[in-house]
Amino acid sequence: MGDTGAVDQELVVRVQRGDKTAFDLLVRKYQFKVIKLVSRYVYDPSDAHDVAQEAFIKAYRALPGFRGDSAFYTWLYRIAINTAKNHVAARNRTPISSESEFGNGDSDAFDFSSRLSDIDTPEALLLTEEVRQTIVNAIEGLPQDLRTAIILREIEGMSYEEIAKTMDCPVGTVRSRLFRARDTIDAELRRIEGLTGT
């Protein structure tokens, strides 16, 4: 009954039959998640809203071909990520902004640090401003595939299987990308730890 995937699938079928109000329900359900996801790549808030809207338009147009091989939100996230990447490429901007990633008391900043399983030093868990900025810089410096994997896992909370579907790659590749991303972030934090004489 409370299966969100079944509810989504029912709404998708309704949209495919021409029910536009069903799509409005899907938009309402996922608009904030999509905007939040897009803002990890597009740091201007008005641009992020535009990109999210463009992603929903693309999803609506592509929905007749959606067969339900993956969960609707996984499929939608893939469209949103690709739309954001295309926007960034067109504007030639750095995808992640320190403000949208960890600023303004965003609770995800604290969750992100504490959930990086490969980082177990007390300094990393304290999430001082220096550590926060180090994490932001490390993520910004990651190759696109590693950056996307770590954002989907640590910030969006997706499972390995969901990330694999979203990024269209095997689960083993997801694990490898996450390991390399965490290793890079960990190395940066250990470098800061060394500089502070801990």
Side-chain angles (χ1 to χ4, degrees), residues 32-45 47-48 51-52 74 77-78 80-198:
F32 294 112
K33 285 186 176 183
V34 169
I35 289 168
K36 190 175 176 183
L37 176 66
V38 165
S39 71
R40 308 295 178 189
Y41 297 84
V42 181
Y43 51 81
D44 180 270
D47 282 356
V51 170
T74 303
Y77 273 29
R78 185 186 301 176
I81 288 169
N82 288 336
T83 305
K85 284 181 183 176
N86 290 341
H87 177 84
V88 169
R91 294 291 181 97
N92 197 21
R93 288 182 178 165
T94 304
I96 296 177
S97 139
S98 55
E99 288 82 32
S100 67
E101 189 66 50
F102 296 106
N104 304 325
D106 183 356
S107 62
D108 278 340
F110 296 90
D111 290 342
F112 182 80
S113 178
S114 64
R115 285 160 57 192
L116 281 174
S117 59
D118 291 351
I119 300 172
D120 54 7
T121 63
E123 291 78 11
L125 298 177
L126 284 174
L127 198 68
T128 62
E129 191 59 40
E130 186 177 21
V131 169
R132 179 185 306 176
Q133 194 56 50
T134 300
I135 292 171
V136 170
N137 292 341
I139 292 172
E140 286 178 348
L142 290 172
Q144 188 80 41
D145 56 347
L146 303 189
R147 185 187 307 130
T148 298
I150 200 78
I151 288 171
L152 292 179
R153 177 65 180 170
E154 301 298 348
I155 296 172
E156 295 303 321
M158 284 188 172
S159 69
Y160 290 111
E161 292 75 17
E162 289 167 336
I163 296 169
K165 287 177 183 172
T166 301
M167 297 186 72
D168 197 22
C169 66
V171 172
T173 302
V174 170
R175 292 183 191 281
S176 172
R177 287 173 181 174
L178 288 171
F179 176 81
R180 286 186 290 153
R182 288 172 175 148
D183 193 49
T184 300
I185 295 166
D186 187 39
E188 283 302 303
L189 286 171
R190 290 186 190 283
R191 185 179 64 79
I192 291 296
E193 185 181 303
L195 291 176
T196 56
T198 308

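Computed from heavy atoms alone, side chains included, the values below leave out hydrogens, waters and symmetry copies.
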| note | T184 meets the side-chain contact (heavy atoms from CB on, under 4.5 Å) criterion, sequence neighbours left out, with L142
| Shortest non-hydrogen contact between A164 and P170, atoms and distance | CB-C, 4.1 Å
| task | Find the distance between CG (L178) and OH (Y160) and round it off to the nearest 0.5 Å. | result | 5.5 Å
| remark: Output for pair (I185 CD1, E154 CD), nearest 0.5 Å, gives 8.0 Å
| Smallest separation among heavy atoms of A149 and I163, with atom names | O-CD1, 4.1 Å
| query | What residues form a side-chain contact (heavy atoms from CB on, under 4.5 Å) with N86, not counting sequence neighbours? | reply | K58
| said: Measuring from atom NZ of K85 to atom OG1 of T148, what distance do you get when rounded to the nearest 0.5 angstrom? | reply: 4.0 Å
| In Å and rounded to the nearest 0.5 Å, what is the OG1 to CG distance from T173 to D168? | 10.5 Å
| Distance (rounded to the nearest 0.5 Å) between K36 NZ and E156 CD | 6.5 Å
| request: Mind checking side-chain contact (heavy atoms from CB on, under 4.5 Å) for S176 and listing every partner two or more places apart, or none if nothing turns up? | output: R180
| Residues N137, E188; criterion side-chain contact (heavy atoms from CB on, under 4.5 Å); working and verdict | CA-CA 9 Å; N137 292 341; E188 283 302 303; over 6 Å; no
| query | To the nearest 0.5 Å, how far apart are CZ in R182 and CZ in R153? | reply | 6.0 Å
| task | Kindly give the heavy-atom pair with the smallest separation between V171 and E161, and that separation in Å. | result | CG2-CA, 4.2 Å
| Test side-chain contact (heavy atoms from CB on, under 4.5 Å) applied to P143 - qualifying residues, sequence neighbours left out | D145, L146
| said: Any non-hydrogen side-chain atom of I81 less than 4.5 Å from a side-chain atom of L152? | reply: yes
| query | What is the minimum heavy-atom distance between A80 and V34, and which atoms define it? | reply | CB-CG1, 4.0 Å
| field | Short side-chain to backbone donor-acceptor contact, R147 and E140, under 3.5 Å | value | yes
